[in-house]
Amino acid sequence: MTTPCTIELLAQPFEPLQALAAWQRQLRCGCEGPGTDRGDASRVEQACLPPAEAHFIGRVRATTASGAPLEALELEHYPGMTERQLVQLAEGCLQRHGVAAALVVHRVGRILPGEAIVLVAVAADRRGPAQRCGQELLEALKHEAPFWKREWSGGVGGWVEGNTAW
Amino acid sequence: MTTPCTIELLAQPFEPLQALAAWQRQLRCGCEGPGTDRGDASRVEQACLPPAEAHFIGRVRATTASGAPLEALELEHYPGMTERQLVQLAEGCLQRHGVAAALVVHRVGRILPGEAIVLVAVAADRRGPAQRCGQELLEALKHEAPFWKREWSGGVGGWVEGNTAW
Amino acid sequence: MAIQVRLFASLRERAGWSERLVAVDGLPATPRSLWRQLHLSDGAEAGTGRAGQADALPQGIRVAINQAFAAPDTPLVDGDELAFLPPISGG
Amino acid sequence: MAIQVRLFASLRERAGWSERLVAVDGLPATPRSLWRQLHLSDGAEAGTGRAGQADALPQGIRVAINQAFAAPDTPLVDGDELAFLPPISGG
């Protein structure tokens, strides 16, 4: 069986669609029982992906909050606590919405404009819980997981206090 | 420039993550101006993907609405009107939410359990509009685009009247 | 005038046809009057037992004229494509 | 007793250090009392001008004990890891 929550903090750029593909493979693996018929394996695997999947990808903007060209975003975190918080937030969200599985991938360190900074994916039996859980988890990690953004522009770094409005 | 709304009706199985990758390539292409510096091209392309992207994938369940094993789903549509309606629904949704681009991929014909039946993706400047527009567009196409589902189980086909609750 | 009438899904199966060119004599013709003229309620489970309602356009059925949703009392003109749509279930 | 104190982001930069083992004599020690003891409001733009508030824990600052959020008046015990967290901006 796979864990329902997968949390990844990455110091290097990642490709969200590849991360989703790896997560889907993991979800399918959890379904393969010992009695799986060889010839029917691919169909059994397919049928095991939950009926509803909601994703969100966040990318770094090309400008700072004040509109200046952004050179890079620097993302500080609290090693240990950040991972722990993300797991807790995801597990709480899964239980509240009765959802099958969740994936959170989050960048740390130096991130360039256009690079993906966050990916949240939720797999569920129905579209409502999948979408609601995905939204709630994204808001939760933006406000409850210890991450701090610093915008670098013109060689000067400025800490971002708080998030943009939903 | 790319069209902000991409609508595809497919009679064959499709891989949602591949469809998303193709859509992202299309979104990037729309940004390449004639003055693009050769050496900086990949970074310029990256930066052109909007900061927020919301996706939804719907797959065919393994059972009918009444809980019997599902052999296949048959999806009838109104060729011409269905495409037209999807474009109208997507364009209205984009305008209401001030969103950059939307993708709708929908299967027609015979669909097996586990296969993707619908993919909705929205790219926007902010997470709120991306998520809200994606949800609204999914509900709109479920209720306002002429599609009719027939569940096949035990060799008998039954029309599905209405949708599952959100 | 001639109206191209199309039926879908359960309506198509109940009627036994999917597309038909219908000649209309009396005016004004509307989706509602064509539903009656073609006896499209025949075989429906609901409404058939009550006098005067046998040929009424059932509540869940929607109408499209020239591939756009339209009201059941919209006047039809020669060459229109009229479709009767059972409850939608997409996505 | 000894408390491991950690600072992050703007707090770390303002104080000029990120991690420090702090010996505490008087009891009971709390995150609030350590904030005062370590003069962590020094250099802050807000609140420094008002008498009696100079060392108060500012509103936006959150506290974690042993890597879990905690109230500023939670009693600390020997060996605790205490962190002061400026306003979060993730995702």
Side-chain angles (χ1 to χ4, degrees), chain B residues 7 9 56-61 64-65 73-90 92 104-109 111 116-120 134-151 156-166, chain C residues 2-22 30-32 34-35 38 40-48 53 56-72 74 76-77 79-91:
Chain B
I7 306 292
L9 292 191
F56 179 83
I57 301 169
R59 292 189 183 82
V60 175
R61 291 164 203 281
T64 67
L73 207 61
E74 185 188 330
L75 211 82
E76 185 167 332
H77 73 298
Y78 186 167
M81 179 174 176
T82 304
E83 295 87 333
R84 196 178 303 192
Q85 268 295 105
L86 288 174
V87 169
Q88 275 187 18
L89 293 170
V104 174
V105 184
H106 205 295
R107 282 289 304 279
V108 295
I111 320 175
I117 180 171
V118 67
L119 165 66
V120 173
Q135 278 182 15
E136 195 176 306
L137 186 48
L138 181 63
E139 296 309 305
L141 74 84
K142 277 179 167 281
H143 298 99
E144 299 296 324
F147 287 112
W148 299 274
K149 284 193 190 114
R150 175 150 56 176
E151 295 176 332
V156 178
W159 293 101
V160 178
E161 306 246 314
N163 282 289
T164 57
W166 188 61
Chain C
I3 306 292
Q4 188 73 23
V5 180
R6 302 184 65 168
L7 303 178
F8 290 91
S10 56
L11 283 183
R12 172 178 51 72
E13 291 206 324
R14 198 174 73 197
W17 53 271
S18 68
E19 202 161 349
R20 187 177 281 187
L21 192 67
V22 177
T30 66
R32 202 184 293 280
L34 270 178
W35 177 272
L38 295 169
L40 288 172
S41 284
D42 286 7
E45 288 167 25
T48 48
Q53 301 227 342
L57 187 65
Q59 268 225 321
I61 306 298
R62 295 172 75 176
V63 165
I65 299 174
N66 300 326
Q67 308 198 353
F69 288 118
T74 309
L76 295 165
V77 300
D80 273 351
E81 176 175 309
L82 166 65
F84 293 106
L85 314 177
I88 281 170
S89 58

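Throughout, protein chains are lettered first and strands after them, A, B, ... in sequence-line order, and every chain is numbered starting at 1.
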Glu13(C)/Arg150(B) ion pair, N-O < 4.0 Å: yes
Quick check on [X] against chain C: is it the side chain, the backbone, both or neither that has a heavy atom closer than 4.5 Å?
| X | answer |
| --- | --- |
| Glu74(B) | neither |
| Ile117(B) | side chain |
| Arg107(B) | neither |
| His143(B) | backbone |

Donor-acceptor side-chain pairing of Ser10(C) and Trp148(B) below 3.5 angstrom: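 There is no such pair (donor and acceptor under 3.5 Å, judged by atom type) between the side chains of Ser10(C) and Trp148(B).
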Distance-only polar pair, side chains of Gln4(C) and Glu19(C), donor-acceptor under 3.5 Å: yes
Geometric class of the Phe8(C)/Tyr78(B) ring pair [parallel <30°, tilted 30-60°, perpendicular >60°]: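 Aromatic pair Tyr78(B)/Phe8(C) classed tilted.
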Most contacts with chain C, counted as non-hydrogen pairs under 4.5 angstrom, among Arg84(B), His77(B), Glu144(B): Glu144(B)
Evaluation steps, side-chain hydrogen bond (donor to acceptor under 3.5 Å, both in side chains), between Gln67(C) and Glu81(C): CA-CA 7 Å; Gln67(C) 308 198 353; Glu81(C) 176 175 309; 3.3 Å; yes
